[in-house]
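Please read all numbers here as calculations on a predicted model, not as lab measurements.
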Amino acid sequence: NNTALRNGGAIKHQGNKFKVINSTFTGNDAYGWDNYGGAVYIWASNAEIYNSTFRSNWGGYGGAVFIGGGNLESTALNLSQCIFEDNHAKGGIDLEIEEGVVNVNYSKILGGVSVLKTPEVNFDYNWWGVNNPDFSGIVTSPKPDIYAVLNLTNTQTAVKAGVYWINSSQLVTEIPQLIGSITINSSRTDNVDFSKEHKFNVAEGSNVSACLDGEVQNLTASSYIDTFLIAESVEMYYHDGSRFVVYLKDKNGNPLAGQS
């Protein structure tokens, strides 16, 4: 809850090394005509920020953190396992990166970041608050390739929920505070830790939803029939591809359908 004229509502650091660990920055404000870094302003420094929370901070550029420095050689930021939420700024709601070699990973970023000039930046392995983030609106450049998503699926025996890396079956265990809720019909359970996989049996036809920050996943529970496929009577057509006759059977060998 600190206020500073111009830069760094809580901390302004320039030069040499800078490290923040296990800290919380709440309600800080950098104001004035040249206001950068609502909570933390870093200039020409080799900086590290780990396991920290930035909440409800205000700045013109970089609602939580601003980093710059004039050249790539003198400026770097490694940021990991941090939480950014409810920060406010004209540019870079959570982070404004002017220059530097910057790695922002394994963090919860619910606002957005802005990248200026030509820094070297890696934004992979973060949770952006929704499954399909519009990176054109929250990350100016470059766009992440790997990020976390909330999954709610119906397996053969149960409904399963958790946060996974996109296009992967690997649970996300490195990002802090992936806490949401699960609702089955009208019964809601809060404080669900989605960094763990949750499996639960529900009646067929039950309405199930999982909620984490701005993302909600819904499904109606259904039962599965074990099947296998037999493909036979394959006829080749050189111009139109292949035609398959497929027979579906249950696990006991009873025909379910025959359709070509």
Side-chain angles (χ1 to χ4, degrees), residues 49-55 63-65 77-87 92-95 97 102-115 121-185 187-202 206-224:
I49 303 176
Y50 303 122
N51 302 312
S52 295
T53 298
F54 297 84
R55 183 180 293 114
V65 177
L77 171 64
N78 288 307
L79 185 148
S80 181
Q81 295 186 307
C82 291
I83 298 171
F84 295 87
E85 57 185 3
D86 195 35
N87 298 296
I93 294 174
D94 290 322
L95 296 114
I97 301 166
V102 176
N103 295 291
V104 177
N105 312 113
Y106 304 115
S107 294
K108 183 175 180 176
I109 305 172
L110 302 185
V113 300
S114 178
V115 180
V121 181
N122 180 344
F123 287 126
D124 282 332
Y125 298 103
N126 295 299
W127 165 246
W128 298 91
V130 292
N131 278 5
N132 298 296
D134 178 10
F135 286 123
S136 64
I138 60 177
V139 178
T140 55
S141 175
K143 306 300 185 288
D145 294 318
I146 303 171
Y147 51 92
V149 294
L150 173 65
N151 280 353
L152 178 66
T153 57
N154 201 156
T155 69
Q156 290 181 333
T157 58
V159 172
K160 182 173 68 173
V163 172
Y164 304 81
W165 298 119
I166 190 169
N167 299 323
S168 169
S169 60
Q170 181 182 351
L171 269 172
V172 175
T173 59
E174 303 88 346
I175 298 176
Q177 292 295 310
L178 295 176
I179 306 298
S181 65
I182 292 175
T183 302
I184 302 173
N185 295 322
S187 177
R188 171 170 164 163
T189 301
D190 292 317
N191 299 316
V192 177
D193 182 0
F194 285 115
S195 66
K196 301 175 182 178
E197 188 174 79
H198 298 270
K199 290 183 179 179
F200 39 94
N201 296 315
V202 297
S206 295
N207 296 315
V208 183
S209 65
C211 179
L212 176 62
D213 297 318
E215 180 65 27
V216 178
Q217 292 284 297
N218 299 293
L219 64 75
T220 300
S222 62
S223 61
Y224 277 61

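- For the residue pair Asp193 / Ser195, a side-chain donor-acceptor distance below 3.5 Å is found, with atom types taken as modelled.
- With Asp94 contributing its side chain and Gly112 its backbone, the two residues share a donor-acceptor pair below 3.5 Å.
- Within a 6.0 Å sphere centred on OH of Tyr147, other residues, nucleotides and ligands contribute more than 12 heavy atoms.
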Working for side-chain contact (heavy atoms from CB on, under 4.5 Å), residues Trp128 and Asp134: CA-CA 10 Å; Trp128 298 91; Asp134 178 10; over 6 Å; no

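- Side chain of Lys108 to backbone of Gln177: a donor-acceptor contact under 3.5 angstrom is found.
- With hydrogens and angles ignored, the 3.5 Å screen pairs a side-chain donor or acceptor of Ser107 with a backbone N or O of Gln81.
- Side chain of Asn105 to main chain of Tyr125: no donor-acceptor pair is present (N/O by atom type, distance under 3.5 Å, no hydrogens or angles).
- The heavy-atom pair separating Ala221 from Val159 by the smallest distance is CB-CG2, 4.2 Å.
- Inspection of the Trp127 and Asp213 side chains reveals an N or O donor paired with an N or O acceptor under 3.5 Å.
- Closest of all the heavy-atom pairs between Ala161 and Ile182 is CB-CD1, 4.2 Å.
- With no hydrogens or angles considered, a side-chain donor-acceptor pair links Thr220 and Asn207 at under 3.5 Å.
- When atom types are taken as modelled, the side chain of Asn185 and the backbone of Val208 share no donor-acceptor pair closer than 3.5 angstrom.
- Counting only distance, with no hydrogens or angles, the side chain of Asn87 and the backbone of Phe84 share no donor-acceptor pair below 3.5 Å.
- Judged purely by atom type and a 3.5 angstrom limit, Gln170 has no side-chain atom pairing as donor or acceptor with the backbone of Trp165.
- When every heavy atom of Ile83 is checked against every heavy atom of Pro176, the shortest pair comes out as CG1-CG, 3.8 Å.
- Looking at Asp145 and Lys143, no side-chain N of the basic residue comes within less than 4.0 Å of a carboxylate O on the acidic one, giving no salt bridge.
- Nearest heavy atoms, Ala158 versus Phe200: CB-O, 3.4 Å.
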